[in-house]
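The structure appears right after this line, and notes come after that.
Chain identifiers are assigned alphabetically (A, B, ...) following the order of the sequence lines, protein sequences preceding nucleic acid strands; residue numbering begins at 1 within each chain. What's counted below: heavy atoms across the whole structure, side chains too, no hydrogens, waters or symmetry copies.
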2 protein chains.
Amino acid sequence: MDFDPSHAVAILERTPAVFRALLAGLPDVWVTPNEGPETFSAFDNLGHVIHGERADWIPRARIILAQGASRTFAPYDRFAQMRESAGKTVAHLLDEFAALRAQNLETLRGWNLTDEQLALQGEHPALGTVTLRQLLSTWVAHDLGHLAQTSRVMAKQYRDAVGPWRAYLPIMDR
Amino acid sequence: MDFDPSHAVAILERTPAVFRALLAGLPDVWVTPNEGPETFSAFDNLGHVIHGERADWIPRARIILAQGASRTFAPYDRFAQMRESAGKTVAHLLDEFAALRAQNLETLRGWNLTDEQLALQGEHPALGTVTLRQLLSTWVAHDLGHLAQTSRVMAKQYRDAVGPWRAYLPIMDR
């Protein structure tokens with residue numbers, strides 16, 4: 001389907017509560033393991049979406065809306081959360097995510113974007129020309145992708161425990 | 001990691017709230033589309049985990065615990081929710097899931113299972129001999145798998161809207 005600001009916000013405003021329902025108070029055995037080298041644990045996924053609130057979506061939208069001389073986004077650090085989340089608790093990260101997301105959605109709503117603005121372009125350092133509409137769609141899809149990834153890394157902790165049922169659980173071998 | 005009843009319950013007791021945070025009040029455009037023929041929408045995923053509460057996990061655990069003459073489970077209907085959810089709202093299904101899950105966890109806790117009981121066996125109609133421990137592990141992994149699947153089918157609705165970012169979103173082509 002096409003991007004629609006109200007549909008996008010409906011997802012974006014729910015994500016912090018979804019992470020909270022899934023992770024708040026959960027034993028560490030579910031939260032800290034990852035899927036192997038250079039992959040994210042549930043904790044890392046949460047840190048990663050937080051980094052996006054600070055460095056990616058709204059800052060890049062500002063670059064597009066400004067239509068200045070340089071419209072090229074700063075490259076995004078996929079592993080920034082390894083540094084930024086260090087020493088923090090899940091409870092702290094859940095609060096941080098909720099606060100940053102609320103603030104960013106207030107900014108987004110305040111812009112009251114027109115179709116003309118949504119069609120404005122920026123330059124992604126690797127992907128080339130992109131529109132504001134595509135950026136905001138990606139924000140939504142990125143949330144859902146990391147919810148799926150968080151559920152997956154947790155499910156994999158029971159890869160051996162499920163025994164023969166592994167054959168019916170494709171998520172275990174993804 | 002190995003199955004542990006308290007770790008398993010920590011996931012099982014959260015899942016209804018995760019589905020609620022994700023789906024309650026969400027526009028239908030996110031809830032009703034699926035990934036193609038014979039696949040599940042977000043609505044179908046919710047109906048499917050409800051059917052599991054009624055027909056799968058606890059009923060099969062009872063068969064194992066009884067250690068009767070026949071320990072073979074009834075085959076599981078992966079598409080039962082197409083019939084059972086018909087005409088119901090998301091709000092209704094969320095309440096139904098929460099109520100059934102709470103009831104089933106009360107049953108599970110009441111059993112106070114010993115290691116010996118967790119090692120008891122049943123016969124899966126296709127997979128062969130399985131233990132109660134494996135069944136309960138699969139209940140947990142199945143929850144997480146359907147949370148991931150629900151997030152994925154929703155993300156895919158923006159497969160085209162994200163433009164060139166699709167290359168960075170493996171979930172779109174899974």
Side-chain angles (χ1 to χ4, degrees), chain A residues 1-4 6-8 10-11 14-15 17-27 29-30 33 124 126-131 133-135 137-138 140-152 154-172 174, chain B residues 1-4 6-8 10-11 14-15 17-27 29-30 33 124 126-131 133-138 140-152 154-165 167-172 174:
Chain A
M1 65 177 169
D2 292 336
F3 172 81
D4 174 292
S6 73
H7 294 158
I11 300 290
R14 279 167 174 78
T15 309
V18 182
F19 271 104
R20 189 178 296 278
L22 187 61
L23 300 181
L26 198 65
V29 292
W30 292 115
H124 186 283
L127 299 171
T129 304
V130 291
T131 65
R133 187 177 273 113
Q134 289 166 344
L135 174 72
S137 301
T138 305
V140 171
H142 185 264
D143 269 19
L144 293 167
H146 283 285
L147 281 176
Q149 199 177 321
T150 301
S151 303
R152 185 184 71 209
M154 291 165 64
K156 282 187 179 175
Q157 305 316 311
Y158 269 2
R159 186 157 42 189
D160 297 327
V162 299
W165 267 289
R166 182 163 169 178
Y168 287 0
L169 295 164
I171 197 168
M172 295 302 186
R174 223 162 237 155
Chain B
M1 66 176 170
D2 292 337
F3 172 81
D4 174 293
S6 73
H7 294 158
I11 299 290
R14 279 165 172 80
T15 309
V18 182
F19 271 103
R20 190 179 295 278
L22 187 61
L23 300 181
L26 198 65
V29 293
W30 292 115
H124 186 284
L127 298 172
T129 304
V130 292
T131 65
R133 188 179 271 112
Q134 290 166 342
L135 174 72
L136 298 176
S137 302
T138 304
V140 171
H142 185 264
D143 268 20
L144 294 167
H146 284 285
L147 282 175
Q149 198 178 321
T150 301
S151 304
R152 184 183 71 209
M154 290 164 65
K156 282 187 179 176
Q157 305 316 312
Y158 269 2
R159 183 157 45 188
D160 297 326
V162 299
W165 267 290
Y168 286 0
L169 295 164
I171 196 169
M172 295 302 186
R174 223 162 237 156

Hey, which of [options] has the most heavy atom pairs under 4.5 Å with chain A?
options	value
B:Met154, B:Arg133, B:Lys156, B:Arg159	B:Met154
B:Leu26, B:Thr131, B:Thr129	B:Leu26
B:Gly25, B:Pro33, B:Ala126	B:Gly25
B:Pro170, B:Pro164, B:Ala155	B:Pro164

Okay, B:Arg20 and chain A: the region with an atom under 4.5 Å from a heavy atom over there is neither
Identify which part of B:Leu135 has an atom lying under 4.5 Å from any heavy atom of chain A, answering side chain, backbone, both or neither.
->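 The answer is both parts of B:Leu135.
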Evaluate the criterion side chain to side chain contact (heavy atoms under 4.5 Å, CB included) for residue pair B:Tyr168 and A:His124; output intermediate values, then yes/no.
-> CA-CA 12 Å; B:Tyr168 286 0; A:His124 186 283; 3.7 Å; yes
So, the part of A:Asp160 with a heavy atom under 4.5 Å from chain B: the answer is neither
Which atoms of A:Leu22 come close to chain B, meaning under 4.5 Å heavy atom to heavy atom: side chain ones, backbone ones, both, or neither?
-> both
Would you say the side-chain atoms of A:Trp30 pair up with the backbone N or O of B:His7, donor to acceptor, closer than 3.5 Å?
->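 Flag set: sc A:Trp30 to bb B:His7 pair under 3.5 Å.
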Side-chain atoms of residues 142-150 of chain A: list all donor-acceptor pairs with protein atoms under 3.5 Å, sequence neighbours left out, distances to 0.1 Å.
unit_1	atom_1	unit_2	atom_2	d
A:His142	NE2	A:His48	NE2	2.9
A:His142	NE2	A:His146	NE2	3.2
A:Asp143	OD1	A:Arg101	NH2	2.9
A:Asp143	OD2	A:Thr15	OG1	2.5
A:Asp143	OD2	A:Arg101	NH1	2.7
A:Asp143	OD2	A:Arg101	NH2	3.4
A:His146	ND1	A:Asn45	OD1	2.6
A:His146	ND1	A:Gln149	OE1	3.4
A:His146	NE2	A:His48	NE2	3.3
A:Thr150	OG1	A:His146	O	2.6

Counting heavy atoms not belonging to B:Asp2, are there more than 12 under 6.0 Å from its CG?
-> no
Set of residues satisfying side chain to side chain contact (heavy atoms under 4.5 Å, CB included) with respect to B:Ala8, sequence neighbours excluded |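 Listed in chain order: A:Tyr158, B:Phe3, B:Val140.
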Who among A:Leu23, A:Leu127, A:Leu169, A:Val18 has the most heavy-atom pairs with chain B under 4.5 Å?
->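 Greatest number of close heavy-atom pairs with chain B: A:Leu127.
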Could you tell me which non-hydrogen atom of A:Val29 sits nearest to which non-hydrogen atom of B:Met1, and how far apart they are?
->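 So the two residues come closest at CB-SD, 3.7 Å.
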Heavy-atom pair of closest approach, residues A:Ala141 and B:Met172 =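 Scanning both residues completely, I find the closest heavy atoms to be CB-CE, 3.4 Å.
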